[in-house]
Amino acid sequence: MERSSTAAHPHGADLSGSRIGVVGAGTMGAGIAQVAAWAGHEVVLYDIAQAFVERGGQAIAGFLRRGAEKGKYTLAEAEAALERLTPTTDVSAFAGCGLVVEAAPEDLTLKRELFEQLEGAVGEHAILATNTSTLSVAAIGAAMAHPERLCGMHFFNPAPLMPLVEVIEGPSTAPETVAAVYALALAWGKQPVMAKDTPGFIVNRVARPFYGEALRLVGEGAADVATIDRLAEDAGFPMGPFRLMDLIGIDVNYAAASSVFDGFFQDPRFRPHPIQRAMVESGRLGRKTKQGYYSYGESSK
Amino acid sequence: MSTPTGNETHVVILGDREHGLGEDLASLLRDAGMRTSMYDVGDESEHDHESRTDALTVADVAIDLYVRDRSRKANALRLIDSHLAADRPLLTCCHAGSATTAAAATKHSGRVTGFALLPPWTGRTTVECAKAMQTADTAREAVEAFWQAAGLDPVWVGDGAGLVLPRVVACLANEAAFAVMEGAATAEDVDRAMTLGTRYPRGPLAWANIIGLPDIVATMDGLAAEHGEDRYRVAPLLRRMAVAGRKWEL
Ligand SMILES: NC(=O)c1ccc[n+]([C@@H]2O[C@H](COP(=O)([O-])OP(=O)(O)OC[C@H]3O[C@@H](n4cnc5c(N)ncnc54)[C@H](O)[C@@H]3O)[C@@H](O)[C@H]2O)c1
């Protein structure tokens, strides 16, 4: 590995006080932008269309104002955080950013092109991070001139509330890059962990058997969904595997399972279950369709 | 089959003396007012043999609690089978193998049922129960009454190695061990990520420490034997740690 080019950002280690860029103003991007603005950073929030940036901005404003109404902080504090937020549809607005976090759709080609574009837009010391859940940092940075300044910064949904951030070190990532992002996550009140660039990183990989074995038990006819959930909840899991899949979205959970399975070259430990596919194909996706492993109110089916 | 409940119920547990499961179960049953004694078939003196046999002869219920040690489990099943009165229930711990396999090692197989109780038990209200293929229909009632008297709600599930929770949690702990072995993250970060990112009651490695690494290995080996699938292979690091008597440093 060529490490000499790592010197591209010798001062990159301290991001406190830096302007932060966020790419994509969807669920995760808006959440991350909110976290950064709340922590006192100037934040540039970018999306491809004005309507999308505005929607993201409104989501943040709504979230912060609700918190103020509940008395968690003052409305003035919420408004001050919102003041620090600059919406844009122009990547050149990232010019002065110390860090840009990408939270665009989970599509390798799209992310690759984005990072090439971002490299041209930011200064030479800027750090770039991706919030990808399932793609490899190595693959995303493959077309970059300086992949040593790219790492993963994997937040969990909802980003303002979930304390965990997986900081992902790709094969080309410089130690200074992960150190800076790790320190920043801590400064944002998060609880970061370090992980290597392997499929599913930590949580999306290690959690697989919770769903996979539960599905197999049902498939084998050993127990029904409600029984397994009851046993799991009795053992201290806040939600049994089926109630949890219904909440996450059976399609989302199935996509995560499939991606880790592919990432490990079809290692049977990660094989998804036919029940998952059948649920997705029949449109029973969990709470959002009112029908999953359980029924919720009026069924759409 | 007789229904053993109330204060005069005499329970004999055969299990690994070193293993936390035995004392935990014994105190659970004592708290429920049952006379409970525990023996380890590994104790070899003449006196040990005699007191075990005597206790089994008068017992109302006998429990085989072995998980990791197959030869002791076989030994315990044989002892219970020959000394416990034929109409009394034999409960076998299914953390590493099915009730059917255990029952097949006995002559009075109709009274054998399986159970699983994954540590830690504090606050637990349920116990997993499983009928072996050989279990007589009449056995179920007696076993239900016994667990209810112990303060646990029996939940019947299909027979198999690890039943439900020991199986699911062993697979989580095994996957966490693979992740550490492969350097995906440190043991400490794996457990921290899992508790923060999923709200599991504890990290899979901390849980493995409580259950005992050799028991996790035994559950995985039991699943591998039953299913014949690579899916259940034990992470080599986990197996080495279990053999070396190590725990995860978290
Ligand atoms: N939703 C989750 O629970 C979650 C959790 C962790 C990580 N992630 C990851 O975060 C990323 C974003 O996920 P999300 O759930 O926020 O998606 P989303 O669909 O809510 O948001 C994506 C946003 O990106 C915008 N976008 C589309 N094309 C773009 C482009 N070329 N450049 C910039 N922006 C573009 C979209 O308009 C949209 O606003 C994905 O990589 C996903 O895997 C999601």
Side-chain angles (χ1 to χ4, degrees), chain A residues 154-157 162-169 190-218 220-224 226-241 244 260 264 267-271, chain B residues 116 118-128 130 152-153 155-160 162-165 167-180 182-186 188-205 207 223 227 229-233:
Chain A
H154 186 216
F155 288 82
F156 289 73
N157 189 22
M162 293 291 281
L164 181 63
V165 176
E166 293 177 336
V167 179
I168 316 298
E169 184 182 3
K190 296 297 178 189
Q191 299 196 44
V193 295
M194 290 292 312
K196 289 279 158 52
D197 192 16
T198 56
F201 310 132
I202 301 174
V203 173
N204 279 341
R205 168 197 183 159
V206 176
R208 297 272 57 90
F210 186 57
Y211 313 107
E213 288 309 307
L215 282 158
R216 291 189 134 224
L217 282 159
V218 169
E220 290 163 18
D224 60 25
T227 301
I228 293 172
D229 278 353
R230 179 182 173 204
L231 290 170
E233 286 160 22
D234 191 42
F237 289 96
M239 269 191 184
L244 186 53
V260 175
F264 281 104
D267 189 316
R269 293 208 310 282
F270 303 106
R271 185 185 299 126
Chain B
L118 189 71
W121 301 349
T122 352
R124 202 67 68 80
T125 65
T126 57
V127 55
E128 296 176 37
L152 293 168
D153 206 354
V155 176
W156 292 89
V157 300
D159 190 21
L163 301 188
V164 174
L165 277 174
R167 171 174 173 176
V168 171
V169 173
C171 289
L172 283 170
N174 192 46
E175 193 51 48
F178 268 113
V180 174
E182 291 162 8
T186 63
E188 194 190 344
D189 273 3
V190 165
D191 257 26
R192 218 147 54 89
M194 293 309 290
T195 40
L196 294 170
T198 65
R199 294 168 59 232
Y200 290 173
R202 61 193 68 77
L205 299 174
W207 211 336
L223 284 162
H227 296 263
E229 277 194 88
D230 207 25
R231 178 182 180 88
Y232 300 109
R233 74 184 184 276

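Reminder, nothing fancy here: chain letters follow the sequence lines and each chain counts from 1.
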| Please walk me through it: do R216(A) and L223(B) pass side chain to side chain contact (heavy atoms under 4.5 Å, CB included)? | CA-CA 12 Å; R216(A) 291 189 134 224; L223(B) 284 162; over 6 Å; no

Partner chain A: residue of [options] with the largest heavy-atom pair count (under 4.5 Å):
options                            : answer
A130(B), A170(B), A193(B), G197(B) : A193(B)
E128(B), M194(B), E188(B)          : M194(B)
A185(B), G183(B), A179(B)          : A179(B)
D153(B), N174(B), V127(B), D159(B) : D153(B)

| message | Working note: D267(A) + R233(B), criterion side chain to side chain contact (heavy atoms under 4.5 Å, CB included); need CA distance, chi angles, decisive distance, verdict. | response | CA-CA 11 Å; D267(A) 189 316; R233(B) 74 184 184 276; 3.1 Å; yes

| Least distance between heavy atoms, R192(B) atom then P192(A) atom | NH2-O, 2.8 Å

| field | Closest non-hydrogen atom pair between G123(B) and D234(A), with its separation | value | O-OD1, 4.2 Å

| message | Applying salt bridge (Lys or Arg N to Asp or Glu O under 4.0 Å), can you list everything that pairs with E175(B), at least two apart in sequence or on another chain? | response |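 Salt bridge (Lys or Arg N to Asp or Glu O under 4.0 Å) check on E175(B) returns R205(A), R269(A).
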
| query | Between A223(A), A232(A), A207(A), which residue shows the highest count of heavy-atom pairs closer than 4.5 Å to chain B? | reply | A207(A)

| said: Out of E166(A), R208(A), M239(A), E220(A), return the one with the most heavy atom pairs under 4.5 angstrom to chain B. | reply: E220(A)

| task | Would you list the pairs meeting salt bridge (charged side-chain N to carboxylate O under 4.0 Å, His left out) in which at least one residue belongs to residues 194-205 of chain B, sequence neighbours left out? | result |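 As it turns out, there is no salt bridge (charged side-chain N to carboxylate O under 4.0 Å, His left out) pair with a partner in residues 194-205 of chain B once direct neighbours are skipped.
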
| request: Could you walk me through whether L231(A) and V157(B) pass side chain to side chain contact (heavy atoms under 4.5 Å, CB included), step by step? | output: CA-CA 10 Å; L231(A) 290 170; V157(B) 300; 4.0 Å; yes

| Salt bridge check: are D189(B) and K196(A) linked by an N-O gap of less than 4.0 Å? |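 Looking at K196(A) together with D189(B), the answer is no, because their closest N to O distance does not fall below 4.0 Å.
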
| message | Before you tell me yes or no, could you show the steps for R271(A) and D230(B) under salt bridge (Lys or Arg N to Asp or Glu O under 4.0 Å), namely the whole-Å CA-CA distance, both residues' side-chain angles and the distance that decides it to 0.1 Å? | response | CA-CA 11 Å; R271(A) 185 185 299 126; D230(B) 207 25; over 6 Å; no

| query | Is the backbone of G236(A) close enough, under 3.5 Å, to the side chain of R124(B) for a donor and an acceptor to pair up by distance? | reply | no

| Aromatic plane relationship, F237(A) with W207(B) - under 30° parallel, 30 to 60° tilted, over 60° perpendicular | tilted

| remark: Turns out that what part of F178(B) lies under 4.5 Å from chain A's heavy atoms comes down to both

| Under 4.5 Å from any heavy atom of chain B - which part of M162(A) |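 Side chain only.
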
| task | Please look at P163(A) and chain B and tell me whether the side chain, the backbone, both or neither of the residue comes under 4.5 angstrom of a heavy atom of that chain. | result | side chain

| message | Pair V168(B), L217(A) - check side chain to side chain contact (heavy atoms under 4.5 Å, CB included), show working. | response | CA-CA 9 Å; V168(B) 171; L217(A) 282 159; 4.1 Å; yes

